[in-house]
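Heads up, the thing below is written out as structure tokens.
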Amino acid sequence: MGLFISFEGLDGSGKSTQIVKLAEQLRAVHHDVLLTREPGGTAIGDQIRSILHDVRNTEMTALTEFLLYSASRAQLVRQVIRPHLERGGTVLCDRFADSSIAYQGYGRQLDLGWVCQVTHFVTGGLMPHLTVYLDLPVEAGLARKQAAFAAQQGERNRLDLQPVEFYQRVREGYLHMAQAEPQRWLVVDATQPIYQVQQCIWERLQRLLQIGEAAKK
Ligand code: TYD
């Protein structure tokens, strides 16, 4: 079984930049890296993604939203993630199950216990070995996102149109999950320069790989 790492954070936290950098670093030490994302990562998932992101879908209920993210995930786990891990490869995923707990559980305030239960069923119990959470104050994330839109980088999606309190609940949710399970989570201060964030992630990963090697002996 290979190594599975997920990246989490609010929009504007720099996840996409860091995940690409980590993929490069791991490939340099001969990992067979598969980089994927949620929602999407499969042809079916990409179709679900376009429904989820369409700003015209204003009537979408929180439950529909949760089930669509879950449907995309069910497909991704079985079609892409698990087969690659079974081949001994390394999977880096830009968002995974914890996004649903943070956004639909804490953010949309769906019943948390139920969201966790369904999510467990959807992933078949598959959990990342490491989840990197890039933590950023909500206002800073929104400002970065705003600047990106102004520079015409990135498209505005349905999840970009929520009130500030929504993102605050999402952030609190992430911090709560990270605190409850520190052996899986790495919280990194995403206000730091890119190379420092990268350094923090790499150090933690080195430790994880050493533990893995020691366990094999
Ligand atoms: P995306 O354009 O991929 O943004 P980001 O770069 O922030 O990942 O959009 C994904 C959006 O979907 C993001 O706002 C978070 C949201 N989301 C959920 O609400 N629940 C989920 O389970 C997932 C995977 C994503």
Side-chain angles (χ1 to χ4, degrees), residues 4-22 35-42 44-55 57-58 60-77 80-81 91-112 114-123 126-128 131-136 138 140-149 151-174 177 190 197:
F4 181 22
I5 303 167
S6 64
F7 277 69
E8 298 286 349
L10 288 167
D11 297 344
S13 59
K15 272 184 299 104
S16 318
T17 307
Q18 291 297 333
I19 205 166
V20 168
K21 289 194 178 294
L22 184 61
L35 191 60
T36 189
R37 67 164 180 189
E38 278 204 13
T42 63
I44 293 169
D46 284 335
Q47 292 173 59
I48 297 172
R49 180 184 176 93
S50 62
I51 302 173
L52 278 163
H53 283 190
D54 194 332
V55 288
N57 285 336
T58 50
M60 192 182 293
T61 70
L63 182 58
T64 308
E65 182 181 281
F66 170 61
L67 293 172
L68 285 173
Y69 280 116
S70 299
S72 168
R73 179 169 307 130
Q75 189 67 29
L76 183 68
V77 165
V80 174
I81 299 181
V91 175
L92 303 186
C93 198
D94 191 339
R95 299 194 178 281
F96 191 60
D98 300 301
S99 276
S100 278
I101 297 167
Y103 282 78
Q104 280 66 54
Y106 286 91
R108 297 281 191 224
Q109 297 176 302
L110 286 176
D111 184 277
L112 256 188
W114 184 80
V115 166
C116 291
Q117 227 180 322
V118 175
T119 299
H120 185 77
F121 186 71
V122 165
T123 59
L126 179 71
M127 291 279 272
T131 297
V132 177
Y133 170 56
L134 300 182
D135 185 49
L136 195 66
V138 170
L142 292 175
R144 282 191 193 177
K145 201 78 193 190
Q146 224 39 55
F149 289 142
Q152 298 191 330
Q153 292 162 350
E155 229 177 308
R156 223 177 272 270
N157 67 51
R158 227 170 32 83
L159 270 293
D160 293 324
L161 306 170
Q162 307 306 314
V164 175
E165 303 80 66
F166 173 85
Y167 303 107
Q168 263 149 2
R169 285 197 298 274
V170 173
R171 183 181 184 213
E172 279 160 25
Y174 273 130
M177 286 190 275
V197 173

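As the structure is a prediction and not an experimental result, all values here were calculated from the model. Numbering of ligands and ligand atoms starts at 1, following listing order.
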Interfacing atoms of ligand 1 (cut-off 4.0 Å, heavy-atom, K15): 5 (P), 6 (O), 7 (O), 8 (O)
Do L10 and Q168 touch side chain to side chain, with heavy atoms closer than 4.5 Å? no
Return the residue, atom name and 0.1 Å-rounded distance of the protein heavy atom closest to atom 24 (C) of ligand 1. E38 OE1, 3.4 Å
So for ligand 1, is K145 a polar contact partner (N or O within less than 3.5 Å, distance only)? no
Taking distance alone, with N or O pairs closer than 3.5 Å, would you say R73 contacts ligand 1? yes
Would you mind telling me if ligand 1 is within reach of the side chain of N157, the backbone, both or neither, using heavy atoms under 4.0 Å? side chain
So is there a nitrogen or oxygen of R95 less than 3.5 Å from a nitrogen or oxygen in ligand 1? yes
Look at R95 together with D11 and state whether they make a salt bridge at an N to O cut-off of under 4.0 Å. yes
Go through the structure and list residues passing salt bridge (Lys or Arg N to Asp or Glu O under 4.0 Å) with R158, not counting sequence neighbours. E65
Can you tell me which portion of Q104 lies within the under-4.0 Å heavy-atom range of ligand 1? Options are side chain, backbone, both, or neither. side chain
Atoms in ligand 1 flagged as close to R49, the criterion being non-hydrogen separation under 4.0 Å: 1 (P), 2 (O), 3 (O)
Donor-acceptor pair, side chain of D111 and main chain of W114, under 3.5 angstrom: yes
Set of residues satisfying side-chain contact (heavy atoms from CB on, under 4.5 Å) with respect to S70, sequence neighbours excluded: F66, R73, V122
Going through the distances and angles, do Y69 and Y103 end up as a ring-ring contact (aromatic ring centres under 6.0 Å, His included)? CA-CA 11 Å; Y69 280 116; Y103 282 78; 7.9 Å; no
Starting from atom 25 (C) of ligand 1, find the nearest protein heavy-atom neighbour and note its residue, name and distance. Y69 CE2, 3.3 Å
Numbered in order shown, the ligand 1 atoms found under 4.0 Å of a heavy atom of S100 are 21 (C), 22 (O)
